[in-house]
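Within every chain, numbering begins at 1; the chains are lettered A, B, ... in the order of the sequence lines, protein sequences first and strands thereafter.
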Protein chains: 4
Amino acid sequence: MVLSRFISGKQAEVHAKRERRKEARPGELLDAALELFVEKGFAATRSEEVAARAGVSKGTLFLYFPSKEELFKAVIRENISGRFKEWNEEFDSFEGSTADMLRYCLAIWWERVGATKASGITKLMISEAQNFPDIAAFYQHEVVEPGQDLMRRILQRGVARGEFEIPDLDYAIYGIVAPMVFLIMSRHSLGTCVPAGRMLDPERYIAAQVNTLLHGLCRQPAPSAHSKENHKT
Amino acid sequence: MVLSRFISGKQAEVHAKRERRKEARPGELLDAALELFVEKGFAATRSEEVAARAGVSKGTLFLYFPSKEELFKAVIRENISGRFKEWNEEFDSFEGSTADMLRYCLAIWWERVGATKASGITKLMISEAQNFPDIAAFYQHEVVEPGQDLMRRILQRGVARGEFEIPDLDYAIYGIVAPMVFLIMSRHSLGTCVPAGRMLDPERYIAAQVNTLLHGLCRQPAPSAHSKENHKT
Amino acid sequence: MVLSRFISGKQAEVHAKRERRKEARPGELLDAALELFVEKGFAATRSEEVAARAGVSKGTLFLYFPSKEELFKAVIRENISGRFKEWNEEFDSFEGSTADMLRYCLAIWWERVGATKASGITKLMISEAQNFPDIAAFYQHEVVEPGQDLMRRILQRGVARGEFEIPDLDYAIYGIVAPMVFLIMSRHSLGTCVPAGRMLDPERYIAAQVNTLLHGLCRQPAPSAHSKENHKT
Amino acid sequence: MVLSRFISGKQAEVHAKRERRKEARPGELLDAALELFVEKGFAATRSEEVAARAGVSKGTLFLYFPSKEELFKAVIRENISGRFKEWNEEFDSFEGSTADMLRYCLAIWWERVGATKASGITKLMISEAQNFPDIAAFYQHEVVEPGQDLMRRILQRGVARGEFEIPDLDYAIYGIVAPMVFLIMSRHSLGTCVPAGRMLDPERYIAAQVNTLLHGLCRQPAPSAHSKENHKT
DNA sequence: AATGAATGAGTGTTCATTCAT
DNA sequence: GATGAATGAACACTCATTCAT
């Protein structure tokens with residue numbers, strides 16, 4: 001009895017572990033695929049490599065994804081989270097200056113996206129958009145547009161509160177987006193070829209970009225006493 | 001006599017036409033390859049397609065380039081012009097305000113690089129850097145660093161002349177570089193998937209970025225009468 | 001218990017069959033390759049033919065050998081058995097006359113090499129030596145030299161025992177080697193083009209060569225009563 | 001007048017040289033082809049190499065030979081001389097001992113065939129017989145059979161004159177043929193891979209083979225006073 | 001006649017995908 | 001469900017052959 005319980009306990013445990021592995025499989029494969037697609041490009045990545053990195057055999061990959069192309073699509077879908085609703089809510093409840101909000105946004109973005117594997121998606125989409133137009137359209141709709149909308153709302157808030165002065169608001173948003181995209185590209189591509197010491201320091205990079213973004217390069221006349229910015233920072 | 005001259009003239013002409021074709025071939029192939037590599041990626045582009053777009057047969061491609069990989073390298077090399085010396089000279093002789101200089105720089109960059117086929121190189125390098133590390137290092141050395149050096153000199157000029165105020169100069173240069181890279185990426189990748197009317201208008205885009213770059217988003221206190229910027233623009 | 005044993009027995013059997021096929025593959029491919037390389041030459045043999053003759057698809061060939069050239073090298077290596085040690089031992093323990101020894105040697109050479117697929121290697125090496133100099137050197141060292149050493153030992157034994165009289169021993173060995181090589185060439189090459197009835201009969205061929213080798217063409221003076229040779233044969 | 005004669009003289013001279021070259025072309029091409037086919041095999045030799053070694057362009061080769069295969073056939077045909085009639089006549093008028101005749105024959109063969117480019121044909125035929133069966137049959141008929149007939153006539157002469165004693169005459173001829181073929185193979189193939197000092201010395205090789213051929217390896221009883229051989233050599 | 005640029009059928013090799021185990 | 005041996009379509013690259021000059 002004790003023995004049998006031990007045995008069945010062991011079996012159950014094994015079974016459970018297997019189940020866990022089984023359920024984890026697709027995720028592990030998607031992670032492996034994301035990494036490799038980002039590193040080497042979709043076409044240059046072999047299915048077998050993906051399987052190997054996920055610790056399974058070639059055949060198993062095709063058990064979960066009917067083709068390499070479907071794997072690609074799944075990689076994108078999996079990593080395109082609809083986080084924007086949540087962020088929009090944070091936006092609504094934010095109470096500080098819009099400059100602070102922008103700083104906060106970028107810091108959070110770095111923490112939750114830029115520094116994570118998810119940032120690889122951006123590089124992947126940029127590299128493969130032309131080969132997967134439907135996915136690109138989906139990404140455009142699900143990620144790019146909501147992202148830009150959020151940026152626009154931030155800027156509009158700044159303008160509405162008299163903090164910002166923006167002649168061309170629709171295009172000003174790229175002043176925020178471009179540095180983030182550039183940072184990702186740097187970390188996933190050319191930046192990896194420079195000597196380690198000269199790689200971009202993300203925090204410093206973001207700080208510098210926010211500073212330029214808010215105040216510009218031009219020397220500003222001596223601020224009057226009630227300038228909001230100077231109080232806050 | 002006349003006849004013989006006519007004949008040799010004709011032969012020379014024909015010969016010249018052939019010669020011209022032969023000499024033009026590599027360029028035509030490089031152009032075709034650049035286009036296709038940018039569109040579809042290196043691995044996903046078939047040699048035969050490159051040849052077909054250049055109007056020759058598969059075999060002819062290999063008459064001029066010993067392998068697809070050498071073709072890739074030649075595409076990069078061909079399009080990495082050492083234009084920076086020339087630009088540095090223009091820099092030295094520029095006499096206006098540094099803000100104007102920046103505007104001028106971006107305008108001619110757009111005209112000479114951004115709007116041309118050469119801009120595809122940037123997308124190509126970003127997509128393939130990991131697969132061609134030696135080429136990436138070369139590009140880093142020949143294009144990225146000189147470009148960043150030029151940006152740094154511009155910013156330093158602005159600071160030296162008391163026009164700019166820049167806390168972190170080394171990282172501020174990305175405020176100029178990132179928007180340009182983003183513009184290129186947009187035009188060669190995801191941007192091509194949005195409805196035609198919503199594609200970025202480059203002039204407007206550059207104007208907006210320069211404006212943000214110079215003055216920032218934050219509303220500035222009423223400028224005093226002798227502000228340089230307002231005189232010039 | 002019985003059932004489980006039956007099942008595992010069946011599985012083991014099936015597995016074994018698969019294993020056997022998998023393990024047999026390289027050998028089947030090497031055999032097919034040897035045949036075709038001998039028949040048509042290395043360059044003129046298509047990889048797909050080799051695969052087809054081994055009963056597998058083109059791709060499978062490359063599962064076992066990374067390239068056609070490696071296949072060639074494997075074919076040679078596989079068939080260059082270090083049989084010479086064994087033969088040298090037989091040599092040491094042989095007790096009859098050296099003439100008998102020579103007859104015996106050629107007979108078993110025919111049986112174990114000449115009549116088998118292994119003889120194709122000689123033709124192959126002769127045809128391809130210049131294109132695969134490293135393999136040729138290996139063959140020279142592993143086959144040619146040991147073979148010639150063995151011949152030399154036989155002749156030396158004959159001389160030492162007063163049976164043979166050989167003015168130029170180093171070159172006399174070719175009197176044995178040349179007819180064997182010729183026989184192989186005949187069977188693998190030109191000889192296959194003559195009408196079936198006129199193909200060399202190997203036993204008769206070997207007998208005739210041994211006879212000439214031992215006694216020469218010239219009519220010999222009536223042998224004295226104690227001549228060894230005449231007793232034995 | 002003088003001038004014009006000079007010119008036309010010069011032109012004629014140039015023309016003559018051209019003519020000579022033009023007429024020499026096919027021969028130069030055949031020589032180049034023979035060398036390369038022998039060295040590398042038919043399939044592994046590129047047409048362009050042949051042309052290059054003959055000092056002409058690729059196109060010119062096809063001006064003289066409609067295809068690579070026809071070139072091969074021409075190479076063989078060109079080098080299969082019907083020298084056997086002439087040799088048969090020498091045979092009829094030879095007056096010495098048959099042993100001397102054999103020595104003379106092999107010496108002449110070495111001088112006129114073995115040491116010349118023509119010997120490459122043998123290697124070529126052995127390598128390619130299976131791929132060019134009609135050529136092989138032709139070679140068999142034009143070279144192999146006449147050669148063997150000549151050998152047979154020599155042996156028959158020896159037997160008829162009471163000089164030779166040959167149990168199996170039809171197969172005894174290979175005792176002469178095989179060493180010659182072996183010598184050729186050695187010089188064109190594996191032999192080229194051994195250190196220079198260990199290459200076969202043809203004269204010594206032939207002498208050794210003839211000696212074995214005539215007297216065999218076995219020590220012969222003391223010859224009686226009237227043995228022909230001992231007088232002559 | 002001679003050239004050599006151009007061709008495209010042919011071959012070695014890869015790799016996504018299948019399927020028997 | 002998992003495996004990995006097997007497949008064959010696809011692709012890089014070669015080279016005999018053509019033909020405009």
**OP:** Map every base of DNA chain E to its dot-bracket character, where paired means a Watson-Crick or G-U wobble contact with both distances under 3.5 Å and | marks a partner outside the strand.
**Re:** .||||||||||||||||||||
Give me, pair by pair, the N or O atoms of the protein and of nucleotides 8-10 of chain F that are less than 3.5 Å apart, along with how far apart they are.
residue, atom, partner, partner atom, Å
F/dA10, N6, C/Lys58, NZ, 3.3

Original post:
In whole angstrom, what separates B/Leu36's CG from F/dC11's C1'?
Top reply: 15 Å
**OP:** Could you say whether A/Ser67 or D/Leu63 is positioned toward the 5' end of DNA chain E, judged by the nucleotide with the nearest heavy atom to each?
**Re:** D/Leu63
Subject >> Which residues share a side chain to side chain donor-acceptor pair (under 3.5 Å) with D/Asn79, sequence neighbours left out >> reply: none
**OP:** With DNA chain E as reference, determine whether C/Ala43 or B/Leu61 sits nearer its 5' end, using the nearest nucleotide of each.
**Re:** B/Leu61
Original post:
To the side chain of C/Lys68, which of E/dT13, E/dA6, F/dC13 is closest?
Top reply: E/dT13
Original post:
Taking only residues two or more places apart in sequence or in another chain, which ones pass side chain to side chain contact (heavy atoms under 4.5 Å, CB included) with D/Asp31?
Top reply: D/Lys117
Original post:
Mapping D/Phe42 and B/Glu48 to their closest nucleotides on DNA chain F, which lands nearer the 5' end?
Top reply: B/Glu48
**OP:** List in chain and number order the residues that pass side chain to side chain contact (heavy atoms under 4.5 Å, CB included) with A/Glu69, two or more places apart in sequence or in another chain; answer none if no residue qualifies.
**Re:** A/Ser67, A/Lys73, A/Phe132
**OP:** Check whether any side-chain N or O of B/Tyr64 sits under 4.0 Å from OP1 or OP2 of E/dA6, and answer yes or no.
**Re:** yes
Subject >> D/Phe62 CZ to F/dT17 P, straight-line distance once rounded to whole Å >> reply: 5 Å
**OP:** State which of E/dT7, E/dG12, F/dA12 makes the closest approach to the side chain of B/Val56.
**Re:** E/dT7
Subject >> Distance, rounded to the nearest Å, where B/Leu71 contributes CG and F/dC11 contributes C1' >> reply: 15 Å
Subject >> Full working for side chain to side chain contact (heavy atoms under 4.5 Å, CB included) between D/Leu34 and D/Ile76 >> reply: CA-CA 8 Å; D/Leu34 174 54; D/Ile76 305 284; over 6 Å; no
Original post:
Quick one: A/Lys40 NZ to E/dT14 C1', roughly how many Å, whole number?
Top reply: 13 Å
Subject >> Nucleotide E/dA6, atom C1' - distance to CZ of B/Phe65 in whole Å >> reply: 16 Å
**OP:** Would you kindly give the CZ-to-P distance between C/Phe72 and E/dG12, to the nearest whole Å?
**Re:** 14 Å
Original post:
Atom OG of A/Ser189 and atom CD of B/Glu128: how far apart are they, to the nearest 0.5 Å?
Top reply: 9.0 Å
Original post:
A/Glu69 CD to E/dC15 P: how many Å, rounded?
Top reply: 18 Å
Subject >> Test side chain to side chain contact (heavy atoms under 4.5 Å, CB included) applied to A/Ser57 - qualifying residues, sequence neighbours left out >> reply: A/Thr60
Original post:
Between F/dA5 atom P and C/Leu29 atom CG, what is the distance in whole Å?
Top reply: 14 Å
Subject >> Residues that D/Phe37 engages under ring pair (Phe, Tyr, Trp, His ring centres under 6.0 Å), provided they are two or more places apart >> reply: D/Phe42, D/Phe72
**OP:** Please name all residues satisfying side chain to side chain donor-acceptor pair (under 3.5 Å) with B/Arg77, sequence neighbours left out, ordered by chain then number.
**Re:** none
Subject >> Any residue meeting side chain to side chain contact (heavy atoms under 4.5 Å, CB included) with D/Glu49, in chain and number order, not counting sequence neighbours >> reply: D/Leu36, D/Lys40, D/Thr45, D/Arg46
